[in-house]
Structure formats: structure tokens, C-alpha cells
Amino acid sequence: MQYLFLWLQGPLQSWGASSRFDLRQTLDFPTKSGIYGMLLAASGDSGPQEDLLAQMADLPFTVYSYTTQKNDGSIQNGDVLTDFHMTGNGYDEKDKWQSMHIPRTSKGTKAVGGGAKLTYRNYLQDCYFAAILGMPDPLAEKFSQALQKPVYDLYLGRKCCVPTSQVFRGCFATQDEAEHALQEKLSRENPELKKILAVKETPTEECPGDLLLNDVPLRFGTQKLYRTRWVTIYPAPSD
């Protein structure tokens, strides 16, 4: 087993675990499905990838959340931005390419009202996360190389959420070594940040955690499939 250390930083991030088309919410921290989607994008593993995801489903996964601490010691929490978004309207039906973007019913006919859809999309602003992922040696080596030369672009949940800092920060023999590298990175590059919470998986259903998430990917592609996991949220102790 080896441990990957990922750093997730950008002006916008969005990590949805139970979103619908018209209301796309975000959790306060990255999801397992979102991070695994990033890994598979980096390695170029498109499509369902059920066998690969089955190997990754129960692997250790820890997330730490940070926010800005001002010089006077006060905390600046990242805000949630809600984007009002309209799709499927204003296209020219006579233009073949544009007509393909008009939402239609399952039978291929025009939707009632022309097919325009209104959506609300939530984003985290100016947040910082560290993710530490445990993986067998072959997978750790595979994704370590892929993250340094990704096949597809990497995003922080959605395509409009672009990382502004290097994502891959190393592969380590133990989780303690990965967390030590995280502390060194913070001291060197981000001394203004303060940890506000840690999110860790609860090992068994007999001892459920704080939150049940439906974010373990079993199948990607057009027919996505997920299962649940329990996580426990540990607030950082106050000074």
C-alpha cells in the first residue's frame, strides 16, 4: 500500500453527492467520486471502468479542509456562489449543429415550452483541500505517473473549476509520511491557512459516522452507478 497526496486549490470548486439537474449542490469537501473521476481522467481511463473502480471502492480516503486565517487571527471562510444558469434556449433549429443542443424528450420530439431549462449551480469559493488516498502499489504508481502527465484536463468537480496549484504532491509509503509532507507544504507555501475539519471514512456500518454519502463510484460512463459509505467529520480543535 502507498499513499497519494493531492492538493486541491482553485477559485471555484464543486463537489456534488446528491445533485439534480435543476439544483446542483456542493458539499463542503471533495467527494470520493469526484477525486476518482480526476484520477481516471488523468490516466485516460474513459467509459464505465467497472473492474478498475471495483479495485478502488474500499481504499482508504481522507480529506482535510483549510481556510484563510488573517493576521489578526480571525478566520475567513470561503463563501458559496450560486450561479443561475439557463440551457437549451436561443438555438437556431435550422442549423444542424445548434439544433443538437436543444433538449428533447426521450422520443426525440421537442419538449413542451421549447426545452429551455433553468438550473442553479453552487460553487465553493477560495477553498483549499488536501486528499490522502491509500492504494496498492500498481495503482499508486499508475496514478502518480498519470497525474504528472494527465491525458485529459483535471478539474475540481466540474469543468469550469480549474486548479490553480499543482495537484499531485507525492506518493508515500505510509499515511503518516503523506501527512508529514502535507504539513511541510503548508508551512512552506501556505502559512496563512488553518485546518477547519477532517473527513475520514467510518470502517463499518455497525459504527456509523456522521454522514452517509452516495459517492463511491461503481460505474462511470453514460449509465453511472454509485453506492454509499459512512464518513466521520472531525472539526479542528480551537486554539
Side-chain angles (χ1 to χ4, degrees), residues 1-8 13-19 25-65 129-148 150-152 154-158 167-182 195 197-235:
M1 183 76 73
Q2 298 185 51
Y3 292 83
L4 274 63
F5 165 27
L6 309 184
W7 181 252
L8 310 171
Q13 301 189 42
S14 189
W15 307 98
S18 59
S19 298
Q25 299 176 329
T26 178
L27 293 176
D28 293 333
F29 50 85
T31 58
K32 197 168 195 176
S33 56
I35 298 298
Y36 280 10
M38 179 187 295
L39 295 180
L40 269 62
S43 60
D45 292 310
S46 57
Q49 295 295 330
E50 293 184 58
D51 291 341
L52 177 56
L53 291 173
Q55 300 177 53
M56 301 168 63
D58 296 314
L59 296 177
F61 183 84
T62 302
V63 170
Y64 298 101
S65 175
F129 301 102
I132 297 178
L133 294 68
M135 293 190 173
D137 291 356
L139 289 181
E141 294 171 7
K142 168 189 173 76
F143 291 122
S144 294
Q145 296 177 12
L147 287 166
Q148 296 175 76
V151 175
Y152 301 115
L154 306 182
Y155 304 108
L156 304 178
R158 295 191 190 136
V167 172
F168 178 70
R169 295 303 181 111
C171 184
F172 303 89
T174 67
Q175 180 155 345
D176 287 343
E177 290 182 13
E179 295 193 3
H180 180 71
L182 166 59
K195 184 169 72 174
L197 59 86
V199 183
K200 300 183 179 182
E201 294 188 339
T202 305
T204 64
E205 293 186 1
E206 287 74 15
C207 299
D210 299 322
L211 189 62
L212 182 66
L213 298 177
N214 187 44
D215 74 336
V216 180
L218 303 178
R219 182 173 65 231
F220 283 147
T222 57
Q223 300 294 325
K224 297 178 177 61
L225 180 65
Y226 303 91
R227 71 164 170 79
T228 58
R229 66 180 177 120
W230 282 99
V231 299
T232 300
I233 300 175
Y234 299 91

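Remember, predicted model here, so these are calculated numbers, not experimental data.
- Atom-to-atom distance recorded for Met1:CE and Leu139:CG is 9.5 Å, nearest 0.5 angstrom.
- Taking every heavy atom of both residues into account, Leu53 and Pro217 meet most closely at CB-O, 3.6 Å.
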- Message: The test is side-chain contact (heavy atoms from CB on, under 4.5 Å); show your working for Tyr234 and Lys200 and say whether it passes.
- Response: CA-CA 8 Å; Tyr234 299 91; Lys200 300 183 179 182; 4.0 Å; yes

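- Atom CG in Asn214 sits 8.5 Å away from atom CG in Leu225 (nearest 0.5 Å).
- Proximity of Val231 to Asp210: side-chain heavy atoms (C-beta onward) are nowhere separated by under 4.5 Å.
- When each of Arg229, Lys224, Arg227, Lys32 is tested with Asp215 by the rule salt bridge (Lys or Arg N to Asp or Glu O under 4.0 Å), just one qualifies, namely Arg229.
- Note on ring orientation: taking the six-membered ring where Trp is involved, the planes of Phe61 and Tyr36 are perpendicular (angle over 60°, cut-offs 30° and 60°).
- A donor-acceptor contact closer than 3.5 angstrom links the side chains of Tyr64 and Glu179.
- Side-chain contact between Leu156 and Pro30 is absent, with no heavy atoms from C-beta onward closer than 4.5 Å.
- Checking side-chain atoms of Gln13 against main-chain N and O of Leu8 turns up a donor-acceptor pair under 3.5 Å.
- Pairing each heavy atom of Ala130 with each of Leu182, the nearest pair is CB-CD1, 3.7 Å.
- Between Cys171 and Ala140 the shortest heavy-atom distance is SG-CB, 4.0 Å.
- Screening Leu40, Leu4, Val63, Leu133 for a side-chain contact (heavy atoms from CB on, under 4.5 Å) involving Ile35 leaves a single residue, Leu133.
- Side-chain contact check for Leu212 versus Trp230: some heavy-atom pair is nearer than 4.5 Å.
- Put simply, CH2 on Trp15 and OG1 on Thr26 are 8.5 Å apart, with the number rounded to the nearest 0.5 Å.
- Note that the CZ atom of Phe172 and the OG atom of Ser144 stand 9.5 Å from one another [nearest 0.5 Å].
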- Task: Could you go through the side-chain contact (heavy atoms from CB on, under 4.5 Å) check for Phe168 and Leu6 one step at a time?
- Result: CA-CA 5 Å; Phe168 178 70; Leu6 309 184; 4.2 Å; yes

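- Expressed to the nearest 0.5 Å, how far CZ of Phe5 lies from CH2 of Trp7 amounts to 6.5 Å.
- The minimum heavy-atom distance between Ser33 and Phe220, with the atom names listed, is O-CZ, 3.8 Å.
- Thr228 places no side-chain N or O within 3.5 Å of a backbone atom of Leu213 that could act as its donor or acceptor partner.
- Closest approach of Ser65 and Phe129 over heavy atoms only: OG-CE2, 3.4 Å.
- Nearest heavy-atom pair, Gly16 versus Thr31, reported as atom, atom and distance to 0.1 Å: O-CG2, 4.1 Å.
- Listed by first then second residue, pairs satisfying salt bridge (Lys or Arg N to Asp or Glu O under 4.0 Å) with a partner in residues 43-56 read Asp45-Lys142, not counting sequence neighbours.
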